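Source: prediction; values computed, not measured.
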Amino acid sequence: MEFRLLGSVTVVAADGRELPAGSAKRRSLLAMLLLNPGAPVTVERLTETLWDEEPPRHSRTVIHNHVSGLRSLLTAHDAPAAGVELVTDNGAYRLRTPDQAVDTVRFDRLVARARSLDDAARAAADLREALALWRGPALAGTTAGLPLQSAARALEERRLAAVEDLARAHGRLGDHCAAAGLLHTEATADPLREPLVAHLMHALGRAGRRSEALDWFHRTRRALAEELGIDPGPELTDAYARLLRTDTPPSRPDAAPRPALPPGRPDRVPPARHPSDQEPPDRLASDRQAFDPVPPTRVPTVGGLASVPDQRPAPAPAPVPAPAPVTARPPAAPAATAAQHTPWPFPRRPRGFAGREDELAALDRATAAPGAVALLTGGAGVGKTTLALSWAHRRHQDFPDGRLFVDLCGHSPLPERDTAAVLRELLLALGLPVERMPATAEAMGARYRELTAGRRMLIVLDNARRSDQVRPLLPDGDDCVTLVTSRDRLGGLVASDAARPVPLAELSSPQAVTLLAATLGPDLVAAEPEAAARLADLCDGLPLALRLAAARLATGPARALAALADELADEQDRLDLLDVEDTSVAAALALTVQHLGEPARRTFRSLGAHTGATLDSRTAAALAGCRPDEAAAALAQLATAHLIVQIGRDAYTLHDLVRLYARSLPGDTDTQVLPRLLDHLLNTLLTACAAAEPGSEPCCALPPGTRRPAEVRPFPDRASALAWYAAERDTLRGAVEAAVAAGLHDRAWRLVLLQWPLIVWQVRDGWAPLLEHGLAAAEADRDPGAQSRARALLGWVLLEEGRPDQALDHLERAPDLAARAGDGCAQAVALVNHAVALARHGDHAGRARVHGLLLKALSLAERAGRADLVGLARQHLAHECLAAGAHEEAAQHAARGLAVAEPPFPVTRRVVLQTLYGRALAATGHPEEAARHLGAALRTARAHQYGEGEAEAGAALRALSDGGAAVAGAVAPAVAPPAAVAPGTAVHATAPGGPAYARPSTYPR
């Protein structure tokens, strides 16, 4: 087990899985303990950490609860065996961990060891290993308390010191370019850190890039003056003076002159503000010599894709005259230079581009910093290239020295572009003659950076697949902007070159309709707005799919948008319809899938059998038939490739078109993908039922041959279980339909009935069609017990929907079916449901029958020894007796129900029984005892946030204080029927003007 603070605060199990560390406050408490490994941390210190302002009165309780939660988490994952122990120490808390279990400890030891070594190579290796432990800003995901803020700042200082040490190690090895690259990223992020800039200036000077080093000094001096109103400190000024005293390193024989500043740009040397600014002539000359003499031609708009460069040798260049004496402005270029290359045209502005204003603004922000690298990422067909080109045309005036465009073919039918070939094209575009082309890719890269440093250019690197494919193509200097598009996240580019990600998602429905209007014409879309919106949804908001749909409509026989939407609604044909000549959604997705590793490809193929839009690693493991950790790794790769979208921790979504493409792929002979998914869902449903209704019995057993998943999702409480039910409702409905289609009826009806906790809580939410599917599957499976439960639940839903005749038909048949199955418990549930329905919708003469049905249900429950059913039956008998005026009998049933209503009996049921008992006592002339029970019911309901129970008990207490007729009226309102029961469940039921009597509690077997 290990703990990570250098990034998000996380706990990692021995098998490499990240454990759920909990809320920000719990992570903050854990962080404070880990920052003091093995030392006691007082409650006062933890309070100061968790609350930046005045802590609440119960802060100690909150801290204790968080400590208990951490202990439970650690114990559940064998922390003691790993030497990890969270103990209480005289009112403080102490977290004991092995020496290497905390990443901050490992970081400090590696840095200390590196500093003690004389061997620069070994020191650099240790420092790289130490810096690799950083995954982002330290202590991320914690609260903003002062102690953790201070600790985070201290850790960041230690990181920067390690970066500077690594740069020194590179310098000792003679690799000054590596040192400069390392420091450049940090100095760009923290431009006012003078020691860091000084180190960067030293590294640049030793790398022969003195002009850049001097430029960093002037830029930093200006920033210090403008933002802080101070002058550079001694370390920075010493670095500047040392650079001025250093002779300019000799140029390589093949080195071409660097480009001049473009005409009209302000000079790099700022106005003098400080005595040190009165620079001697030798400084000015050396600074200018870094840019002189060069042809000052403005590079026209160029691109490496739209046309092929002329491979013929260029004419011999005109002789370059000797450098003129340095003056305040660079000399004009020889006219012959402009003819040394043929410019390549930049791709045209995309047609039909619409919307994306937020993304365009995000690109503006991402490219605002000096030397910016913007990373435009998104899935296949989402419109990355279109957006990049649209932005480039919109901002073309910002790049007077030209624009370059290169398709790297990272996801393309063509082979991936070779770095040397791309650099050669870029150099040709920049005007370098063929005869002066360097021989190696490394030399080409150096020449490319020299020619771009000092120009204001845009470099568009389209369709990249890997970070190392992009790095050699990044220009030099602060005036170039690089825009990279990729289907992958390219996190390495973000880490090494401070690339700013700009994720590109699918279009919203209004944006998609706007795109259709821009493609087809506004009149056609305005004539069928609903069909256009439906078409946009069927295309998942994917610009490529929308354009293909528009092309099919525009080039086919004259027809309406609605007709095409109807055709696309058929999942079997949707991908075929989105295929026009040489362009299709399937082909675009195939180019992404072909670059996946085999485990990720196998997982992706299995997603075609998924019946919902969301999934996690457990679901993916069931589909692919692998371990959850393997599935998690595969899902991470699919998300990186933008085939699925990560929406939370271990939570992903996939669009219909992607799922349909996965389904269309030729798979292996694994015919158990769907059965594995169904068995996974059944096991998860059983766990969710247990959490949603504690103490209840499962409503059904798993069918024979059901596989137990490697890992079942845990539900810590009732709320989390109900939230999962609600979120996965569409997935479960799709699973039922798939099970029926595959003839797996034994699983289909179970998938329906195991959703009862959500059904009874959202009873009026259109469940009848699903329950009818479940009933049909139970009949096909010839299981009378399942038929009984399905009819009982369906009858109750129909009753709540205001269809009593249909409801009573199902409810009357349910008890006999349960009897045929020999299931006394299910028969008791069905009888209670039938009785409640008759009480609500029968006449007064039928009250005797209701009473008889409830007594029979009570007898069956007692015979089965089911206390929960006994309490349920007595609850409804007590209510029925109160309504009939049989107050003594009502008190007896309520009292006996309370006698069995002990944990794990649901609290809500106990509140209802105690309220009924209090009313019965009041009606039989025992007001003091009635008040005691009603008060207890009120307090319990309030403590468990049971609003209806609190209201009911409070109303009874108020009626009791009024006495007389008011008590009798409150005890047995003529229009308020007792709650009906879903199969094994007491459900809230409110008649016009009447109160609710019960909440869902049990669904017994």
Side-chain angles (χ1 to χ4, degrees), residues 378-386 411-413 487 505-507 509 512-513 515-516 519-520 531-557 559-596 600-615 623 638-639 641-645 652-668 670 673-674 677 730-731 734 737-738 741-742:
V382 79
K384 299 179 295 296
T385 304
T386 299
H411 298 90
S412 170
R487 297 186 189 182
E506 292 73 18
L507 296 170
S509 186
V513 172
L515 178 58
L516 284 174
T519 308
L520 292 170
R534 185 173 170 226
L535 195 62
D537 292 339
L538 289 168
C539 290
D540 287 337
L542 196 67
L544 174 62
L546 290 162
R547 292 182 184 277
L548 288 167
R552 180 167 291 278
L553 191 67
T555 59
R559 53 181 176 171
L561 288 172
L564 180 58
D566 289 340
E567 292 183 15
L568 287 174
D570 185 352
E571 291 189 348
Q572 301 297 324
D573 298 328
R574 191 178 305 171
L575 283 177
D576 292 337
L577 290 169
L578 297 176
D579 186 343
V580 178
E581 291 189 355
D582 59 347
T583 307
S584 70
V585 171
L589 292 170
L591 295 173
T592 303
V593 173
Q594 72 181 11
H595 292 295
L596 297 173
R601 273 202 303 270
R602 184 174 64 251
T603 300
F604 181 73
R605 284 196 300 268
S606 72
L607 297 185
H610 190 39
T611 58
T614 59
L615 74 158
L623 286 162
L638 296 178
H642 289 92
L643 287 166
I644 59 177
V645 179
Y652 301 85
T653 184
L654 69 161
H655 297 294
D656 283 346
L657 290 176
V658 176
R659 181 171 53 83
L660 292 175
Y661 174 69
R663 187 181 299 173
S664 72
L665 292 176
D668 48 27
D670 186 359
V673 177
L674 179 62
L677 173 66
D730 288 341
T731 299
E737 295 171 353

Do you know the tightest heavy-atom contact between [X] and [Y]?
X    : Y    : answer
G381 : P543 : O-CD, 3.3 Å
A641 : L596 : CB-CD2, 4.2 Å
L568 : R574 : O-NE, 2.7 Å
L546 : L535 : CD2-O, 4.4 Å
A742 : L674 : CB-CD2, 3.9 Å
C539 : L578 : SG-CD2, 4.4 Å

Self-check item: Inter-residue atom distance L657.CG - D540.CG, 0.5 Å rounding
Solution: 4.0 Å
Quiz prompt | Spacing of H642 atom NE2 and K384 atom NZ [to the nearest 0.5 Å] | solution =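 So the NE2 of H642 and the NZ of K384 are separated by 8.0 Å.
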Practice problem: Quick one: list whatever passes side-chain contact (heavy atoms from CB on, under 4.5 Å) with A550, sequence neighbours left out. | Solution: L516, T519, L520
Quiz item: What residues, two or more places apart in sequence or in another chain, satisfy side-chain contact (heavy atoms from CB on, under 4.5 Å) together with A590?
Solution: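 So A590 forms a side-chain contact (heavy atoms from CB on, under 4.5 Å) with Y661.
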Quiz item: Among pairs that include at least one residue of residues 606-615, which meet side chain to side chain donor-acceptor pair (under 3.5 Å), considering only residues two or more places apart or in two chains?
Solution: T614-E728
Exercise. Using atom types as modelled and distance alone, determine if a side-chain donor or acceptor of T653 lies under 3.5 Å from a backbone N or O of A613.
Key: yes
Exercise. Please lay out, stage by stage, how L643 and L654 fare under the test side-chain contact (heavy atoms from CB on, under 4.5 Å).
Key: CA-CA 7 Å; L643 287 166; L654 69 161; over 6 Å; no
Under the salt bridge (Lys or Arg N to Asp or Glu O under 4.0 Å) test, which residues partner [X], sequence neighbours left out?
X    : value
D656 : R659
R534 : D566
R663 : E571

Quiz prompt | Check against side-chain contact (heavy atoms from CB on, under 4.5 Å), R487 and V382 | solution = CA-CA 9 Å; R487 297 186 189 182; V382 79; over 6 Å; no
Practice problem: For F604 and L665, run side-chain contact (heavy atoms from CB on, under 4.5 Å): C-alpha distance rounded to whole Å, both residues' side-chain angles, the deciding distance at 0.1 Å, then the answer. | Solution: CA-CA 9 Å; F604 181 73; L665 292 176; 3.8 Å; yes
Quiz prompt | side-chain contact (heavy atoms from CB on, under 4.5 Å) between L607 and L638, worked out | solution = CA-CA 11 Å; L607 297 185; L638 296 178; 4.0 Å; yes
